[in-house]
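We name chains A, B, ... by the order of the sequence lines, and we start the count at 1 in each one. Note: hydrogens, waters and symmetry copies are ignored here, and every other heavy atom, side chains too, is used.
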Amino acid sequence: MSERSGVGAVQVAILEALAATAGRGFRSNEHVLREAESRIGLAPWYAYPVLVDLAQPWKMPVTLVDGQGNFGSRGNDPAASRRYTESRLTEAGRVVLAAERRDLAPVPVGLINGTTYRDGTQPPFRPLAVIEAIRHVIRHPIATAQDIVSMIGPPDFITGCTVTGDLEAFAAGLPTELRLQAKITISDDGQSVIVENIPPNITTDDAAMSIAKRAGQTSDLSQPSPLHTATRLDVSSVWDESNSRTPDGRIVCKPATGVPPEQVRDQLTTVYGVYTTIYVALPRSLSATIRQWVETNQAEDLAASLTALETAIRDAT
Amino acid sequence: MAGSAPSAEDGTNGDPAGYPAGVLAAAVLATTGVSFVLVGSAALWLRGESIPVGDADVVIEPGEQNMRRARAALADMALQPHAVPQAARLAMLDIVTIMTSYGKIDCLLRRGRLDWDRLRTNADVMLVAGAEVVVAAGSDAWKLRRRFKDVRR
């Protein structure tokens, strides 16, 4: 990871290549990748999955690449071939590049985006909360660990799922497992139960399949056993309404005849896909991570780089 | 000897719906007739440990017939059935992870080839929502967990 931005070496090469080949416009990813891979000696097309991750807006809170064309979906659709997609830098991507080139002081983008989107163990956080916590530590070097942790808050996944688990252990730097859960609501007319904000580490297609499987597995049993009772999902039909307007997923479940929607809502919390788990670990405690970042970089103009990053993030939302 | 899963003291209060998903995954797999020993966090939870259960780790008994049964059962439970390897391939692989509506099932196939007799001898049958699940001895489950994970106890 780069010390200037916390962004990986291949990612930085992609950003450099985008700046070199695309300027402010879009550029075919075939050209971008050729440039990026020649810069750091990668085998051909090795960097494409990395570029796709950078451009998929549901992957990380600070998106560094603006993609044009088919970059896949939150379902199981992959991105189109590099020949049919184009990219350009986002403003945040420009800020990262400026930090890498020492035109700006370092920015904590790696700390914000985490690494769980690539099966790493560092989860993402609310971008503006991290920036604010860093400013707080700069202003108040003796800020307590508790202050820092409460300012940053728990890990925050871009799909908006809820995060529970041993957050205290996590903030203390201990490896732990967190539970991510989708939002489950009952429709205004009480006729359906809606699952939204699906955790990021499962596709919406798989989440919908999981609900349908569970409903199917348990609906055809005539003699309810205790296991049937424990695993039942009283749903008569499932629609996956996830699309580009609902990128965080939307799955609609119709309760079986005579089953209250509240019961289905509770049953859904046991269905994998509606919830997932994720293994997380920071290299050190959260407060120590922030303190160390400030101590390492405080000789530079952090106020300017943090403002540039904040502006880029705000403008993107 | 058949034991029964923890109830009042573990928070389930005898309510089958109180089982973690990983434990239920093992129970559902057990009803298909596949021969396996449950290890990992689900086994430890059933042994009364206060531990979060992320997934089901199962050591599958080697042998052609059981592999065929396992393949069929796992394909039936899997969110992506085509991703489940054929029985002959299962017999050669080390670990296969299957995503189900109960979460991940990690099939520790190599461990089964190396250690089946010992694990099975030390294990007990426990009832999970009426299903008989073969659960590894606590010492075996901890040993395997430490080998693969670094989660605080």
Side-chain angles (χ1 to χ4, degrees), chain A residues 75-76 121 164-166 168-170 172-181 199 201-218 221 223-235 238 263 266-281, chain B residues 4-5 7 12 14-32 40-42 45 50-56 73-83 97-106 127-133 145-146 148-153:
Chain A
N76 288 333
T121 60
T164 53
D166 194 346
E168 207 176 302
F170 165 72
L174 296 168
T176 188
E177 235 164 23
L178 299 179
R179 179 185 165 101
L180 313 183
Q181 188 174 303
N201 53 349
I202 188 164
T203 67
T204 53
D205 288 346
D206 281 355
M209 174 60 81
S210 186
I211 294 170
K213 276 244 174 193
R214 183 73 74 86
Q217 272 177 15
T218 54
L221 298 174
Q223 293 289 321
S225 65
L227 186 58
H228 171 227
T229 307
T231 59
R232 68 189 299 157
L233 177 60
D234 298 309
V235 165
V238 181
Q263 186 173 316
D266 294 346
Q267 291 170 344
L268 279 166
T269 63
T270 70
V271 177
Y272 184 80
V274 176
Y275 82 90
T276 62
T277 56
I278 193 164
Y279 179 75
V280 289
Chain B
S4 62
S7 54
T12 66
D15 170 13
Y19 287 107
V23 174
L24 292 174
V28 171
L29 186 61
T31 60
T32 65
S41 58
W45 187 88
S50 172
I51 190 168
V53 181
D55 49 26
L74 292 169
D76 196 43
M77 293 175 77
L79 301 185
Q80 295 182 2
H82 62 272
T97 297
I98 307 294
M99 300 302 301
T100 75
S101 69
Y102 304 91
K104 268 192 320 185
I105 298 181
D106 286 332
L127 283 175
V128 176
E132 291 188 350
V133 179
R145 186 172 170 81
R146 286 197 194 100
F148 292 109
K149 283 208 175 186
D150 183 29
V151 176
R152 79 171 178 170
R153 188 170 173 173

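Both the backbone and the side chain of B:Met77 come within contact range of chain A, each with at least one heavy atom under 4.5 Å from a heavy atom of that chain. Interface residue A:Thr277: only side-chain heavy atoms are found under 4.5 Å from chain B. Neither the backbone nor the side chain of B:Ala25 comes within less than 4.5 Å of any heavy atom of chain A. Both the backbone and the side chain of B:Ala27 come within contact range of chain A, judged by heavy atoms closer than 4.5 Å. Looking at B:Thr100, only its backbone comes within 4.5 Å of chain A, counting heavy atoms on both sides. With a 4.5 angstrom heavy-atom cutoff, A:Asp266 does not touch chain B via any of its atoms.
Atoms CG and OH, on B:Asp55 and A:Tyr272 in that order, are 9.0 Å from each other to the nearest 0.5 Å. Considering CG of B:Leu127 and CG of A:Leu227, their distance stands at 11.5 Å, rounded to 0.5 Å. The line from NE2 of A:His228 to OG1 of B:Thr31 is 12.0 Å long, rounded to the nearest 0.5 Å. One distance of note links CG of B:Leu79 with NZ of A:Lys213; it measures 7.0 Å at 0.5 Å rounding. Between B:Gln80 atom CD and A:Thr203 atom OG1 the span is 6.5 Å, to the nearest 0.5 Å.
Heavy atoms only, all atoms of each residue included: A:Tyr275 and B:Ala21 are closest at OH-CB, 2.9 Å. The minimum heavy-atom distance linking B:Gly130 with A:Pro226 is given by the pair N-CB, 4.2 Å.
Annotation for A:Met209: atom CE does not count as buried by contact number, only 12 or fewer foreign heavy atoms lying within 6.0 Å.
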